[in-house]
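Just so it is clear: chains get the letters A, B, ... in the order the sequence lines come, proteins before strands, and each one is counted from 1.
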Protein chains: 2
Amino acid sequence: MKKKDRSGTTIKDVARETNLAISTISKYMNGGTVRKKNQELIEAAVKKLNYFPNNTARWLRTSKTYRVGVIAGIVNSPHTSAILNEIEKKLRDHGYSVSFFSFDENLDKTKEYVEYMISNGVDGMLITIPGNTEGQLIFPENLRIPVVTIEENSGVIQGDCVQTSCTQGAYEITEHLIKNGHSSIAVIEGRRNSLTASERMKGYFRAMEDYGIPVRPEYVVQGDYIYQGGYLGIHELWKLNEKPTAVFVTNYDMSMGAMEAIYDLGIRIPEQLSVVVFDDFELSVMVNPKLTSVRQPLAELADAACELLLRRMNGDESDYPKRIRMMPSCIYRESVQDLNR
Amino acid sequence: MKKKDRSGTTIKDVARETNLAISTISKYMNGGTVRKKNQELIEAAVKKLNYFPNNTARWLRTSKTYRVGVIAGIVNSPHTSAILNEIEKKLRDHGYSVSFFSFDENLDKTKEYVEYMISNGVDGMLITIPGNTEGQLIFPENLRIPVVTIEENSGVIQGDCVQTSCTQGAYEITEHLIKNGHSSIAVIEGRRNSLTASERMKGYFRAMEDYGIPVRPEYVVQGDYIYQGGYLGIHELWKLNEKPTAVFVTNYDMSMGAMEAIYDLGIRIPEQLSVVVFDDFELSVMVNPKLTSVRQPLAELADAACELLLRRMNGDESDYPKRIRMMPSCIYRESVQDLNR
DNA sequence: ATGAAAGCGCTAACAT
DNA sequence: ATGTTAGCGCTTTCAT
């Protein structure tokens, strides 16, 4: 039997070794009380045979796997990895392990992934959609396990979710530029049809409007949420006769491209151009000067999602569906020049 | 029953719906042939009831979970996330999903983690040890599933592993400095007792020796593999009367600290100081000027590890234990001044 | 091609 | 406190 080759010692072996009933072993392994003598017997046998209980078989009876499925974007991005890191830590603290899938492109496959996860026996799921992903989350029809989504958008999903308000962050950072005396404020937009992109633009437009500053069409350049977009965006802006005094780059990847272009063109920050960016990762403090940016509370987001999921998995459905909104915060560093002085 | 609340449709339900035997359904689901009429019946029922087979129960019979356990360091680091990303993609392509644990501190808990993973029913395991982690991998005694480790060290583990040669990379990058006319070459060392640290230092010392350049003790400054170490290291070097013309920073976190210190002190790269670093992530190209660095082939490492594990899980033990060594490569950019010109 | 039945490792009544 | 037994969802002989 293949079986015997792979799987190690079972509860049966321990029972045989100790001359006790299987159920006694089971009881003890689950924290029940047995006679001291038997406890010692069991301990000895467990050690000798190197037995540890099989959660998978356990699940068959209890319908608990203590495993949660996580579906996320490319791990190798600071956004996803920050969230994933927090999720894993948090869930492990609560005795859960995580199985995860990442998807590269679109969301079409989520349904398939979700089904696969359930096939694999998870007690619940966490889904985090990177803001620059197109498409819609699709769930199998009669989903029986709790799912909490972590996202930057709003309105995409029904059900439990935690999210950040992109509009708010974009508004604040634009306002910051305005308060520093800027009115020629360019923006490098995210990909068309992206919800986060339009949320962020909304924040920008609203701030401009609130302060009565007209938006010049040539200052709104179309990006795509990737490196390239930021790079080309800056080049485009720098061809203008009347150059902006500030630029708001609306996501992380684009901000790297933008910085590259800024170096290439020899533009001095903040003397010639003030720069603010959406998302705050390592780069923001490693470039010179350090960037003023909008920071999404990723760890807090992940934490809240885990808490909620944990409650759901424990059967508490009281406040379903719950939508938790968190506010991003602006981090003021050295990349903005104060034009008032 | 809790049970019924959570778990969805079972094979039983499909059998009832179609008036066929459970075993017929099972056969069909596993690619066996059934009468056309029955096939249609089953398909219809599966769709109607939204049935998908439960891998976990399946495992009970087949001892295959199609799940592999991954134990890695902090996900939220470019090193780990690059590897994890590749592993997940690769394994998913082969029909496996990944369960993972990360550990923050030391390796003492690996044994526990490994046991837990096995309890959870994985077909194999991948363990990646970040080079800056102390301690020894400890495995449970009669481990019945294949394990492949991915590491930067050599000699720590018996069994299958893939690794990079740190010594080689450190040698090459030091040699590069020498060939560019440098002889006052400082190095910021990794943490004491770290194997990778000593491997990297070995590369440095060997290159210096091969080219007959004496190593000045004050140019070897002790770091700790974290940000702080790089930061303080540069400050320490810059207090010296005879400053080095080049510095080799031996890991990523320290190189960030070093760059920070370099900015703070207003040191110009490469005019005043040439900088080379071990590890090549985003930072290296985002700073100005771009950094010459040693790049570990992380994706390739992960790929090779997956290939090997996949073979082992398919029962091919032919070349056990296999040790695959990969060479890092140097990426020459703009942070080194050519003193020969 | 189909079905009946045994059994994977474990837990949970229930009886002792 | 311990043992007996049924059964979780599924695959796999072995009959039919």
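- OP1 or OP2 of dC8(C) sits under 4.0 Å from a side-chain N or O of K12(A).
- The interatomic distance linking I11(A) (CD1) with dC10(C) (P) rounds to 5 Å, in whole Å.
- Ring orientation note: the planes of F100(B) and F100(A) are nearly perpendicular, at an angle over 60° on the 30°/60° scale.
- A tilted orientation is assigned to the rings of F103(B) and Y113(B), their planes being inclined by 30° to 60°.
- Picking from dT12(D), dG9(C), dT11(C) the nucleotide with the shortest atom distance to the side chain of S26(B) gives dT12(D).
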Please tabulate, one pair per line, each protein N/O and nucleotide N/O from nucleotides 2-6 of chain D that are separated by under 3.5 Å, including the distance.
from: dT2(D); atom 1: OP1; to: R35(A); atom 2: NE; distance (Å): 3.2
from: dT2(D); atom 1: OP1; to: N38(A); atom 2: ND2; distance (Å): 2.0
from: dT2(D); atom 1: OP2; to: R35(A); atom 2: N; distance (Å): 2.9
from: dG3(D); atom 1: OP2; to: A21(A); atom 2: N; distance (Å): 2.7
from: dG3(D); atom 1: OP2; to: T24(A); atom 2: OG1; distance (Å): 3.0
from: dG3(D); atom 1: N7; to: S23(A); atom 2: OG; distance (Å): 3.2
from: dT4(D); atom 1: O4; to: S23(A); atom 2: OG; distance (Å): 2.9

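- When rounded to the nearest whole Å, the span between CD1 of I25(A) and P of dT11(C) equals 11 Å.
- Distance L60(B) CG to dC10(D) C1': 8 Å, rounded to the nearest Å.
- Not one side-chain nitrogen or oxygen of Y28(A) sits closer than 4.0 Å to the OP1 or OP2 atom of dC10(C).
- Counting only N and O atoms by type, the side chains of R311(A) and Y320(A) include no donor and acceptor under 3.5 Å apart.
- Whole-Å rounding puts the W59(B) CH2 to dG9(C) P distance at 7 Å.
- A search for ring-ring contact (aromatic ring centres under 6.0 Å, His included) contacts involving Y28(A) returns nothing, not counting sequence neighbours.
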Please lay out, stage by stage, how R58(A) and K64(A) fare under the test side-chain contact (heavy atoms from CB on, under 4.5 Å).
CA-CA 8 Å; R58(A) 215 172 230 179; K64(A) 283 286 273 180; over 6 Å; no

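- Taking 4.0 Å as the cut-off between side-chain N and carboxylate O, K90(B) and E86(B) do not count as a salt-bridged pair.
- Distance L49(A) CG to dG9(C) P: 14 Å, rounded to the nearest Å.
- In this structure, N30(B) places its CG atom 7 Å from C1' of dT11(D), rounding to the nearest Å.
- Listed by chain and number, the residues in a side-chain contact (heavy atoms from CB on, under 4.5 Å) with I11(A) are I22(A), I25(A), S26(A), Y51(A) (sequence neighbours excluded).
- Between F52(B) atom CZ and dC10(D) atom P the separation is 11 Å, expressed in whole Å.
- Note: NZ (K64(B)) to C1' (dC10(D)) measures 17 Å, nearest angstrom.
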